[in-house]
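First the structure, in the form of structure tokens, and then the observations on it.
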Number of protein chains: 2
Amino acid sequence: MSSPVVARVSFKEQMLLAREEAIVKAVSRLLAEKGFEAMTVDEVAAEVGIAKASLYKHFPSKEDLAAAAMVRVMRRAQDFLLSLPAGDAPLDKLRAAARWTMELQLAGEMPSLPGRGSSLRATLMSCQPYLDGLLQVREQFGGWIEAAQASGALNPRLPAVAVLYTLYARACDPVLEFLKAGGRHSDAEIVELVLSTCFDGLNAR
Amino acid sequence: MSSPVVARVSFKEQMLLAREEAIVKAVSRLLAEKGFEAMTVDEVAAEVGIAKASLYKHFPSKEDLAAAAMVRVMRRAQDFLLSLPAGDAPLDKLRAAARWTMELQLAGEMPSLPGRGSSLRATLMSCQPYLDGLLQVREQFGGWIEAAQASGALNPRLPAVAVLYTLYARACDPVLEFLKAGGRHSDAEIVELVLSTCFDGLNAR
DNA sequence: GTCTATATTCGGATAGAC
DNA sequence: GTCTATCCGAATATAGAC
């Protein structure tokens with residue numbers, strides 16, 4: 001058993017981390033809903049229910065706040081990829097990954113990537129945890145794509161990088177939002193529809 | 001022949017329209033590069049080479065400025081669709097339209113649509129010229145999609161609206177930017193690559 | 001570490017001379 | 001209609017008490 005002092009420190013640290021988790025979760029939601037530029041720090045503070053100044057004790061700037069949200073979703077993606085059964089075919093893993101990102105987007109938890117000119121870009125490009133996660137996901141995907149192409153499941157004439165980006169882009173595909181706004185399809189139907197157009201194409205087979 | 005007075009008025013009007021065209025063109029470029037929120041009116045003024053106050057003589061607000069750019073690109077789209085040979089198969093027209101939007105994006109002239117929370121959305125939703133253009137394009141596309149499905153060229157099991165949105169979304173597909181940043185493909189190759197994945201899918205055929 | 005209150009910067013919009 | 005100069009609100013960030 002740990003001493004009371006150690007226990008209290010650990011408890012405080014847990015509180016701290018829980019608070020930060022709540023902050024980052026709120027940021028993720030707002031980032032998904034409005035994008036980085038339109039999101040304000042005041043909104044974040046209001047959603048979490050703490051004062052704005054307190055936010056700045058945890059994160060030094062709005063950019064760092066958003067970067068933390070991007071790191072969080074990247075971590076969740078890595079965890080998901082690692083949780084996929086090793087026995088599944090590479091193509092199935094790719095489909096599952098694309099499905100996961102789309103479900104996250106429909107749930108309003110997928111922060112949208114910054115546009116080319118955004119100040120968030122610079123912060124993200126010098127954020128090692130984010131870059132590490134991105135790299136690992138790329139390598140994971142890369143292996144599956146090559147295997148799926150070698151087995152004849154994926155079109156081998158497509159450059160692997162094009163396949164990678166195409167799957168990656170499902171995370172911010174506006175078609176999901178459009179179809180949801182139409183109101184004629186359930187979330188599950190939307191996901192399967194977009195998955196189908198992505199892997200099978202628009203043309204008849 | 002017109003009288004000198006009429007001629008001078010016409011000339012001045014031409015100058016006015018040319019100036020406004022230059023403004024809207026600059027807005028389109030900046031809107032494509034940075035998005036609505038990150039674009040500043042000062043930048044627009046600097047790019048056009050006039051004072052900011054002069055901009056506000058032509059357009060009452062930043063939102064109206066951006067809306068004008070959206071209307072312009074919608075007009076160009078309508079003109080392009082009408083210019084397609086009547087003899088072409090519906091599927092070919094759809095492919096040509098998707099190719100056109102992607103070439104425009106690669107040229108940096110495709111203003112990116114506003115996110116859900118943007119103040120531009122409201123302005124756009126009450127901008128009749130834009131809505132009219134959108135409606136006409138939808139109807140044009142809708143007819144071609146139905147015809148292509150009836151002829152067995154397009155997958156008839158997909159809802160027409162899903163096909164519509166999927167093609168529409170090519171205008172802001174981040175895959176184009178990613179592949180361009182990779183530097184391993186020409187613009188023409190990128191367009192054909194994305195067209196292929198869109199119509200034929202990622203799976204082998 | 002959290003709060004209230006404030007400093008500061010930035011950007012949309014306007015006044016008024018020409 | 002274009003300019004210079006300015007206003008003013010909004011949003012990022014900080015000071016300082018508790």
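Order of the sequence lines sets the chain letters (A, B, ...), proteins ahead of strands, with each chain counted from 1.
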From [atom1] of [X] over to [atom2] of [N], roughly how many Å is that when rounded to an integer?
X     : N      : atom1 : atom2 : answer
A:F59 : C:dT2  : CZ    : P     : 11 Å
B:L30 : C:dG12 : CG    : P     : 12 Å
A:H58 : C:dC3  : NE2   : P     : 9 Å
B:E13 : D:dG1  : CD    : C1'   : 15 Å

Legend entry - Reported OG-to-NZ distance for the pair A:S119 and B:K34, which is rounded to 0.5 angstrom: 10.0 Å

Inset, instruction - Could you tell me which residues satisfy salt bridge (charged side-chain N to carboxylate O under 4.0 Å, His left out) with B:E192, sequence neighbours excluded, listed by chain and number? - result: B:R99

Let me have the donor-acceptor pairs involving side chains of residues 48-58 of chain A, under 3.5 Å, with sequence neighbours excluded, atom names and distances please.
| unit_1 | atom_1 | unit_2 | atom_2 | d |
| --- | --- | --- | --- | --- |
| A:K52 | NZ | A:D42 | OD2 | 3.2 |
| A:H58 | ND1 | A:E20 | OE2 | 2.9 |

Inset, instruction - Tell me, please, which residues at least two apart from A:A160 pass side-chain contact (heavy atoms from CB on, under 4.5 Å). - result: A:I145, A:Q149

Going by atom type alone, with no hydrogens or angles, which donor-acceptor pairs under 3.5 Å involve a side-chain atom of residues 64-78 of chain A and a protein atom two or more places apart or on another chain?
| unit_1 | atom_1 | unit_2 | atom_2 | d |
| --- | --- | --- | --- | --- |
| A:D64 | OD2 | A:S61 | OG | 2.5 |
| A:R72 | NE | A:E21 | OE2 | 3.2 |
| A:R72 | NH2 | A:E21 | OE2 | 3.4 |
| A:R76 | NH1 | A:E109 | OE1 | 3.3 |
| A:R76 | NH2 | A:E109 | OE1 | 3.4 |
| A:Q78 | NE2 | A:Q136 | OE1 | 2.6 |

Inset, instruction - Scan nucleotides 4-18 of chain D nucleotide by nucleotide, 5' to 3', and note B when protein non-hydrogen atoms come under 4.0 Å of the base, S if they reach only the sugar-phosphate, - if neither. - result: B------SBBBB---

Residues 80-91 of chain B side chain polar contacts: donor-acceptor under 3.5 Å, at least two apart:
| unit_1 | atom_1 | unit_2 | atom_2 | d |
| --- | --- | --- | --- | --- |
| B:S83 | OG | B:F80 | O | 2.7 |

